[in-house]
There are 2 protein chains.
Amino acid sequence: MANMIDVARLANVSTATVSRVIQNPETVKEKTRTKVLKAIDELNYQPNILARYFRRTETKTILVMVPSIANNVFPQMIEGIDLVANQSGYKVLLGNTNQEPDKAYSYIEELKQKQVDGMILLTTRLDYQIISELGDDYPVVLTSDYIEGLTAPTVAIDNISSARVAVEHLLQLGHQRVGIITGPLDIPLSRDRLKGYRQALLERDIGVESVLIQEGSHSYESGYNQMQKFLALDKSPTAIFAANDTMAMGAIKAVKAHGLRVPEDVAVVGFDNIQFSAIFEPALTTIAQPFIEMGKRSMELLLKQIKGEPLEKKQHVLDTKLIIRESCGSQNQD
Amino acid sequence: MANMIDVARLANVSTATVSRVIQNPETVKEKTRTKVLKAIDELNYQPNILARYFRRTETKTILVMVPSIANNVFPQMIEGIDLVANQSGYKVLLGNTNQEPDKAYSYIEELKQKQVDGMILLTTRLDYQIISELGDDYPVVLTSDYIEGLTAPTVAIDNISSARVAVEHLLQLGHQRVGIITGPLDIPLSRDRLKGYRQALLERDIGVESVLIQEGSHSYESGYNQMQKFLALDKSPTAIFAANDTMAMGAIKAVKAHGLRVPEDVAVVGFDNIQFSAIFEPALTTIAQPFIEMGKRSMELLLKQIKGEPLEKKQHVLDTKLIIRESCGSQNQD
DNA sequence: TTGTAAGCGTTATCAA
DNA sequence: TTGATAACGCTTACAA
């Protein structure tokens, strides 16, 4: 494989000029430029990217840290990230943690060692202190968790108000006894959705009963199991807010298994609007997250950091939308 | 950041020795080794990976080319790939093509320029000639498409016999009029599944009627639409083989929309066993693909190529399994 | 067992 | 506008 020296020799110029033709063609005289380009063409020369990366200490690569790739929501965000990354000449490295903190730390090392130019964290159980410090020294964006007081840039939805909207929808339909199946309460996102639930009830002077709050794990099975607990209650809830669609589906299955109907006997509202929620029967009424947009925005923010541009805004909150389908019934809301 | 020279100076050795301590600790005397390690520790030294990659012309990175990341099956394969890659110290770069051939070619360039050590193609519409030639010069694995006569290593399932098993299942249940909704027929995988369908019918001396063959696009909507065509037939089929689960769900939806029941009026068997197929109602009877295993095997094959080890076998065919659930009814098969 | 020193191919500074 | 040349930090013959 020909290198820059070969090209320089053939074109009768210095390597500096060849380099210029490649990087800043406008800084070299037309005549020499064509001469060099001809030599490049003739030798079928391609710059050694590894040498360039080494010399420039940049890799044009960013890392996306994700708890699990085989999950409905992350691939969509990654799609958005990938879109913007590609447009800007960046490559996307996959950082699957499988929930193992050690893995997360090893990816952080890659960032510190400049193996990647920046990092996007799609949700995390890392210590916020660590993320904040990391964000002080390196380009980092935290997506999907909004964390009070975090100095690193974040892209998220307003989980509290989105959850409130979901529960208000149930209340508006006349439900008085509304249960919630939360996500794992050690992540802030789950606590926020629970907060929104509380707010919606309190706004209507409905007491919050602890028997109506069950913690799930975001899995289908946990939705099923927690719903069974609700159904075993003397006064079981007539409506359920499940903190994600997968649990909502599990809950609905449990309702059906109990010989009841959704939405007639129990209304269920979900969260996420995963692709399957429209196919499921009854089609899920749910809160739609703009996954692709979140991915795009995150990458845009990261790029600004990499380029050293100032961020006018650090915390980005994107809009969610209540999608009314079948699982809560309806009364022609607009 | 301290570099190797700093360490060498502090430990009073040459950089060569420092390098040895890092690469082949056993080749340096215990006493010097500890001396060097102490200096490394003291300076908090970390090797410059970029310099190493450049020097060694390897990146410890492989690229996974995928038509779309936001799809049910690819993330699972990627998970398998990632698993093995990580164990071996390799990183996984995402190569989303979005079906654009130009993108595919740009990823191929990355491979040729040694920006990655190898590449796994998860399905492809590239010319087989190109893949074969690529495979001659670089570490490449083609996953999920089995292509007759291809010289590059492949990991796939036997689409023909798997499809045959699916259709045989329907025939065994007594169906005589079986329709198929195929995938896009410009990809070999779809043609193979159609072949399997044909074989199953012919084996039982059932004629293949062209009205019973409809081409879908692997999407839910196409499943729905093609099923509607079947239902409009004078003699509509009593059983359907859908070439993937998503289309099977669309088909079932169409059957229901037509006022008929699944499996009582129309039986439907799918293909893939995506996560959602167990949740869907009726739960899908389908052919399970070992996605994670395919990913793992692909990465193992790629690693062998990268290390220059000979491949005892080039074409790997993994087992599929008929999963009997509800969408075809059943009679207690074992 | 360790040291010397020559690369690897590019970029960037400085001078012409 | 171009050229000479010194880095960048590591690996690896080869020599000692």
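Quick caveat, the model's predicted, so the values are computed rather than measured. Reminder, nothing fancy here: chain letters follow the sequence lines and each chain counts from 1.
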Distance in Å, Ile49(B) CD1 paired with Gln115(A) CD, rounded so as to fall on 0.5 Å steps: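 Interatomic distance, Ile49(B) CD1 to Gln115(A) CD, rounded to 0.5 Å: 4.5 Å.
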
Distance in Å, Glu79(B) CD paired with Lys296(B) NZ, rounded so as to fall on 0.5 Å steps: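 Rounded to the nearest 0.5 Å, the CD-NZ separation comes out at 9.5 Å.
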
Quick one: [X] [atom1] to [N] [atom2], roughly how many Å, whole number?
| X | N | atom1 | atom2 | result |
| --- | --- | --- | --- | --- |
| Ile22(A) | dT11(C) | CD1 | P | 7 Å |
| Glu26(A) | dT1(D) | CD | P | 10 Å |
| Arg9(A) | dG9(C) | CZ | P | 12 Å |
| Met4(B) | dT4(C) | CE | P | 15 Å |
| Ile5(A) | dG9(C) | CD1 | C1' | 7 Å |
| Asn24(B) | dT2(C) | CG | C1' | 14 Å |
| Asp6(A) | dT10(C) | CG | C1' | 13 Å |
| Met1(A) | dG9(C) | CE | C1' | 11 Å |

Sub-4.0 Å heavy-atom contacts from residues 32-59 of chain B onto DNA chain C, ordered by number: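 Only Thr32(B), Phe54(B), Arg55(B) qualify.
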
Qualifying residue for side-chain contact (heavy atoms from CB on, under 4.5 Å) with Ile108(A), from Gln113(A), Met119(A), Lys103(A):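 One option only clears the test, and that one is Met119(A).
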
Residues in contact with DNA chain D, drawn from residues 10-21 of chain A - heavy-atom cutoff 4.0 Å: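 Under 4.0 Å from DNA chain D: Asn12(A), Val13(A), Ser14(A), Thr15(A), Ala16(A), Thr17(A), Arg20(A).
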
Nearest atoms (heavy-atom pairs only) where Ser190(A) meets Pro184(A):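 Reported closest heavy-atom pair: OG-O, 2.8 Å.
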
Greater than 12 external heavy atoms within 6.0 Å of Lys314(A)'s NZ: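 Yes.
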
CD/Glu30(B): more than 12 non-hydrogen atoms of other groups inside 6.0 Å: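 Open: at most 12 neighbouring heavy atoms sit under 6.0 Å from CD of Glu30(B).
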
Heavy-atom donor-acceptor pair, Asp41(B) side chain to Leu37(B) backbone, under 3.5 Å: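 Side chain of Asp41(B) to backbone of Leu37(B): no pair is present.
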
CA sep, side-chain torsions, deciding dist, call: Lys91(B), Thr61(A), side chain to side chain contact (heavy atoms under 4.5 Å, CB included): CA-CA 12 Å; Lys91(B) 284 159 288 172; Thr61(A) 303; over 6 Å; no

Distance-only side-chain donor-acceptor flag, Gln76(A) / Gln289(A), under 3.5 Å: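 Gln76(A) vs Gln289(A): no donor-acceptor pair found between side chains.
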
